[in-house]
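Convention: sequence-line order gives letters A, B, ...; per-chain numbering from 1.
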Amino acid sequence: MFRKVLIANRGEIAVRVIRALREMGIGSVAVYSDADRAALHVRMADEAARLGPPPSSESYLQIERILEAARCHGADAVHPGYGFLAENAGFAQSCAEAGLVFIGPSADSIRRMGSKTEARRLVKAQGVPVVPGAERSVADLAEARAIAGACGYPVMLKAAAGGGGKGMRRVDRPQDLEAALRDASSESERAFRSAEVYIEKLIENPRHIEIQVLGDLHGNLVHLGERECSIQRRHQKVIEECPSPLVAAHPEMRAAMGEAAVRAARAAGYYNAGTIEFLVDAHRNFYFLEMNTRLQVEHPVTELVTGLDLVKLQIRVASGEPLPFRQPDLAWRGASLECRVYAEDPDHNFFPSPGRITHLARPSGPGVRLDSGVYEGFTVPIDYDPLLAKLAVWAESRQEAIARMIRALEEYSVGGIKTNLSFFRRILEDREFRAGRLHTGFIEEFLERSGPLDEDAGLEAVAALVAALYLRSHREPNTGARVSPAPWLTEGRERLLR
Amino acid sequence: MFRKVLIANRGEIAVRVIRALREMGIGSVAVYSDADRAALHVRMADEAARLGPPPSSESYLQIERILEAARCHGADAVHPGYGFLAENAGFAQSCAEAGLVFIGPSADSIRRMGSKTEARRLVKAQGVPVVPGAERSVADLAEARAIAGACGYPVMLKAAAGGGGKGMRRVDRPQDLEAALRDASSESERAFRSAEVYIEKLIENPRHIEIQVLGDLHGNLVHLGERECSIQRRHQKVIEECPSPLVAAHPEMRAAMGEAAVRAARAAGYYNAGTIEFLVDAHRNFYFLEMNTRLQVEHPVTELVTGLDLVKLQIRVASGEPLPFRQPDLAWRGASLECRVYAEDPDHNFFPSPGRITHLARPSGPGVRLDSGVYEGFTVPIDYDPLLAKLAVWAESRQEAIARMIRALEEYSVGGIKTNLSFFRRILEDREFRAGRLHTGFIEEFLERSGPLDEDAGLEAVAALVAALYLRSHREPNTGARVSPAPWLTEGRERLLR
Amino acid sequence: MNVRVRINQREASLDYRQDGETCRFRFESQQERDALVALVEPGVYSVLLDGGSFEARVEEDGEGVCVSLRGHRFAVEVLDPRQWTGGGRSGHLRGRQELTAPMPGKVVRVLVAEGDPVEAGQGLVVVEAMKMQNELKAARAGRVVSVAAAAGATVAAGEVLAVVE
Amino acid sequence: MNVRVRINQREASLDYRQDGETCRFRFESQQERDALVALVEPGVYSVLLDGGSFEARVEEDGEGVCVSLRGHRFAVEVLDPRQWTGGGRSGHLRGRQELTAPMPGKVVRVLVAEGDPVEAGQGLVVVEAMKMQNELKAARAGRVVSVAAAAGATVAAGEVLAVVE
């Protein structure tokens with residue numbers, strides 16, 4: 001087993017890995033940019049190394065500095081988390097060359113699955129169904145037009161090196177293709193340093209259901225069941241769950257999708273943790289979408305239902321241990337949900353909201369798991385993803401898990417910055433959500449059909465009283481006119497959310 | 001199902017019940033004394049009613065005021081939690097007479113099991129083994145001498161109405177009997193308003209292993225497995241776990257003890273949640289000790305391992321629902337530990353330490369469950385039990401659970417008052433504890449054999465530096481001599497912990 | 001104390017007097033009632049009223065406060081009765097829209113120039129923050145009278161990027 | 001700044017100077033080193049030293065502070081060099097024991113009277129707090145010179161209950 005592991009990441013996932021290492025008795029080395037000197041992962045790690053200035057290009061993406069830190073601190077392995085360098089084959093390669101174990105798949109597997117077009121070819125050859133579309137990136141606009149025309153509109157543009165919804169554009173009409181291609185390419189270039197984009201047939205209102213796989217260095221490869229991640233906004237997952245309500249109603253889907261996922265992973269010579277993402281259409285046909293060759297943000301829902309610790313298993317198999325179980329040993333119990341808590345303003349078109357957290361009340365109690373990367377007093381930097389924390393719950397059934405999540409959300413509050421906490425409750429109470437009728441366009445539809453919240457006159461009186469008491473003790477006697485909120489913001493908010 | 005439930009309790013258990021009610025969509029009514037106006041259970045409940053001044057005799061033990069509050073607020077059921085009136089048959093009776101459902105067993109079951117001597121007779125008649133001793137309370141010193149002599153010293157004196165370690169005394173020699181009898185009687189009188197005490201043979205270094213039972217109003221009665229609670233100080237449980245390491249090594253014990261527990265409970269016509277406590281001797285013989293006719297403090301370890309929610313099940317069966325499972329449906333997964341976090345000073349003979357909590361950092365992340373009744377800024381009253389919170393963990397194995405608990409304890413800190421947090425770690429790292437060699441005298445033995453902690457010279461330098469920086473920014477320049485800590489306290493501490 | 005409050009855009013009257021933990025108050029034409037109010041944490045009030053327990057969390061929000069209460073949020077301003085003249089002021093600003101940066105970030109693209117006519121919902125400036133590009137749009141139709149934003153510039157929250165009239 | 005500290009009863013020297021986040025210091029005869037020290041929460045310091053990350057939590061504890069660090073606790077006092085004369089003071093107090101209430105509570109029983117000789121470990125006063133009875137014991141043998149506690153009395157933390165010499 002390793003003696004010391006460097007975590008090439010920040011935020012909640014770095015904290016998650018540090019916790020696992022601590023429980024395993026393995027030393028942890030955090031890395032940080034200047035924006036993160038006081039971040040929770042630095043505070044919690046046994047050791048810490050500075051990488052550079054705040055921009056990730058000068059810190060968390062600096063392969064050489066990370067390897068240098070690992071050397072200086074005597075780490076023998078590197079955990080990449082998700083994002084940043086997690087799916088960078090060059091980084092995995094560099095680790096290996098520096099004598100460090102990369103806690104993840106081989107550089108070769110990352111490379112093969114990292115190119116979305118090669119991945120499609122690879123898994124298609126194994127008989128895994130794929131979404132109709134091109135097997136390779138588009139060379140130019142003319143080729144794009146040809147492929148899109150052949151698939152039939154609407155189509156999706158996707159970054160070949162992509163993930164996490166970046167570099168994606170839906171195109172409904174031929175005349176929108178040029179602008180969308182330009183946007184997707186430039187976003188992909190910025191996010192992944194590759195402007196390559198490919199085209200797929202758009203499946204209308206699909207469900208996003210993915211399969212967690214896990215393999216060791218000895219050829220054992222199992223799947224840990226599915227997660228449904230259909231609740232997305234701008235292609236970013238917002239709420240995830242296990243089991244998928246669809247799979248729960250059609251249990252044979254788990255084995256079928258699991259078997260396809262293992263076949264796809266095996267084709268890439270895959271080991272360690274990875275995820276095969278599928279789109280599922282209205283007829284329960286599933287199509288390979290892509291493979292994420294790393295730990296997922298939403299791995300806790302699988303952990304809560306299977307009782308496994310994916311991060312510890314990643315570390316164990318990376319150190320050469322065989323998987324401690326086989327496929328038939330696995331069992332799924334109860335239901336789990338996860339909400340991704342972002343620093344963004346749901347009342348204002350989800351604009352990011354970095355800044356200092358002046359107040360933080362955190363949920364706990366039965367069945368509640370909070371994976372947070374922040375604390376009261378921390379300043380959320382402007383430089384990175386706005387994910388603050390993940391709130392996951394487990395309960396015996398989906399309905400109980402929903403009730404528990406709502407209860408936990410009531411206990412959760414973040415002050416000083418805006419978060420999407422209030423938004424989750426609205427979704428969780430939605431009739432369609434509760435019925436499990438999910439699809440990737442759910443949130444857009446929901447925002448269109450849901451009106452403003454009813455206000456309770458009884459609560460209004462309490463709010464007015466408390467506000468008056470607060471302001472009397474916090475404000476100078478007011479002698480001048482107050483400035484009202486800019487009508488701009490007020491009206492924009494109303495319009496955008498309608 | 002109930003519309004609204006009054007919780008006749010305070011602290012973490014009131015919070016626990018409120019959370020369950022909220023998740024079930026049932027209204028909650030908190031009650032509070034003047035010391036608890038700002039307590040967490042009052043803040044979290046939907047409604048709240050004042051009972052009276054701080055002393056529990058004038059507030060949480062005031063049956064009439066509680067019933068009046070339930071009436072005023074339109075509650076249709078009462079959850080008693082543990083402690084206070086939870087095992088008061090008169091209270092259960094009064095609830096029934098007031099048309100309120102008492103969420104617990106019948107007054108008759110409480111009465112039969114509440115008298116420890118009657119309980120012994122009852123279960124003995126069912127063939128459940130009991131500790132040798134008297135079947136009834138001792139009338140006077142002469143009778144006590146006769147019974148103790150017949151059992152053979154050492155013996156235990158126990159409050160007939162007792163529970164929670166109060167009114168208990170170990171007597172090793174005949175000449176100590178008189179003083180012990182006086183102390184046990186007066187402590188029992190104060191705690192339970194009954195001075196009755198009975199005598200049992202003392203089993204040397206027994207393990208305390210208890211069985212959770214649960215029954216509905218339709219005659220279904222199951223056991224939910226065991227909890228080991230051998231880690232006690234002054235007869236108060238400190239660390240509990242499931243499975244018991246002994247039972248894990250001898251799995252046939254669970255069925256045997258479970259079957260005996262169900263038999264004992266059935267003899268009392270028992271329904272709702274209850275616990276049969278057994279002492280287990282060195283030869284794995286188990287003896288009925290007593291039945292707790294209520295939810296236990298340590299119920300979370302059973303919940304974590306069985307996946308059940310005991311409080312919700314209590315509420316469901318109280319409302320008349322049948323148990324949703326039968327004995328063969330139950331399964332135990334992984335291992336769970338619980339630490340009881342008390343406001344007490346482990347460096348100073350565990351003296352209670354009420355006061356204002358000036359700082360609170362709480363553990364979270366995978367497998368960690370915190371049931372807390374306090375918050376930063378809350379003043380822990382002097383009037384009640386010093387239990388602040390319960391920290392429970394779940395993991396795949398006992399060794400992993402121990403490692404996880406240590407990790408969680410590292411994340412946990414309470415400022416302003418003293419707590420026993422630092423003490424847990426010392427036990428959890430103990431070789432005997434890790435080997436699962438537990439008995440009820442464990443802590444006393446441990447305190448005798450464990451030396452002072454090794455101090456790390458590297459850490460000393462950091463501590464000195466931080467202290468200097470802190471003091472420079474927090475203190476006036478010091479011009480006079482400082483007063484050193486009283487030698488009294490310092491020496492008392494060293495001696496007592498040796 | 002008798003004050004006027006604006007609560008979620010609606011104006012209302014509030015009369016209250018505090019005596020220790022007890023607060024006797026009347027909201028609008030409702031009955032006069034006694035609330036027990038305790039400040040339990042900075043900015044957090046526990047209110048017991050008519051048997052109900054309410055936990056209200058107050059946060060500064062511009063000139064007013066935002067009160068979170070049982071999952072609802074209320075924007076509340078207490079209006080100075082001497083200054084309040086009945087809504088004339090908000091009318092005064094109605095024709096002018098100042099496009100401000102809602103968060104610190106970097107201007108990626110400016111989509112309009114001075115003098116351009118814009119439609120309601122038209123994108124004006126794209127700001128990147130926290131790895132996401134966010135298009136700031138016009139709330140109403142009008143004409144761009146000034147553009148302060150420049151591509152590549154770093155902007156602070158609240159900074160004016162453009163003005164539309 | 002050169003100070004003497006008493007850390008867990010042991011006296012030691014500390015020389016340090018702070019320059020922004022960097023703190024150059026020397027503890028005892030150890031090598032001079034640079035620590036990066038950040039105050040991350042009130043009373044909580046993040047210290048990076050020799051590649052290690054240390055989180056230290058400081059709490060007031062009588063005249064000194066208690067520093068919690070990686071599961072260890074250190075009682076630290078910074079001694080005023082002008083006043084420090086080498087341990088004479090603690091000797092001065094050695095013969096006298098003041099029995100103080102370690103927590104607020106109620107005196108249940110007083111087990112000794114003025115003039116009684118007491119042995120080390122002998123119980124002097126029983127105080128009830130938080131539903132538990134706690135016997136306060138003599139640390140060393142001596143004679144009771146005064147008893148301030150009375151059965152039934154409520155006592156505050158730190159209140160002197162008895163004095164033994």
Work out which heavy atom in B:Y32 is nearest to a heavy atom in C:L48; give both atom names and the distance. OH-CD1, 3.2 Å
Quick one: closest heavy-atom pair of C:E41 and B:E376, and the distance? CG-O, 4.0 Å
Quick check on [X]: does its [atom1] atom have over 12 non-hydrogen neighbours (other residues, nucleotides or ligands) under 6.0 Å away?
X	atom1	value
B:E97	CD	yes
C:K106	NZ	no
C:E32	CD	yes

Heavy-atom side-chain proximity of B:R37 to C:S46 below 4.5 angstrom: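 Of all side-chain heavy-atom pairs linking C:S46 with B:R37, at least one is under 4.5 Å.
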Does some side-chain heavy atom of C:V40 sit less than 4.5 Å from a side-chain heavy atom of B:F378?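 No. Closest side-chain heavy atoms not under 4.5 Å.
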Supply the atom-to-atom distance B:L40 CG to C:E55 CD, rounded to the nearest 0.5 angstrom.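 Here the interatomic distance stands at 8.0 Å.
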Straight-line distance of B:R43 CZ to C:F54 CZ, nearest 0.5 Å: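 Result: 15.5 Å between the selected atoms.
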For C:L39, which atoms come within 4.5 Å of any heavy atom of chain B: side chain, backbone, both, or neither?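 Neither part; nothing is under 4.5 Å.
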At a 4.5 Å cut-off on heavy atoms, which part of C:V44 comes close to chain B: side chain, backbone, both, or neither? side chain
Heavy-atom pair count under 4.5 Å with chain C, highest-scoring of B:G377, B:A48, B:A69, B:A49: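 Option with the top pair count is B:A48.
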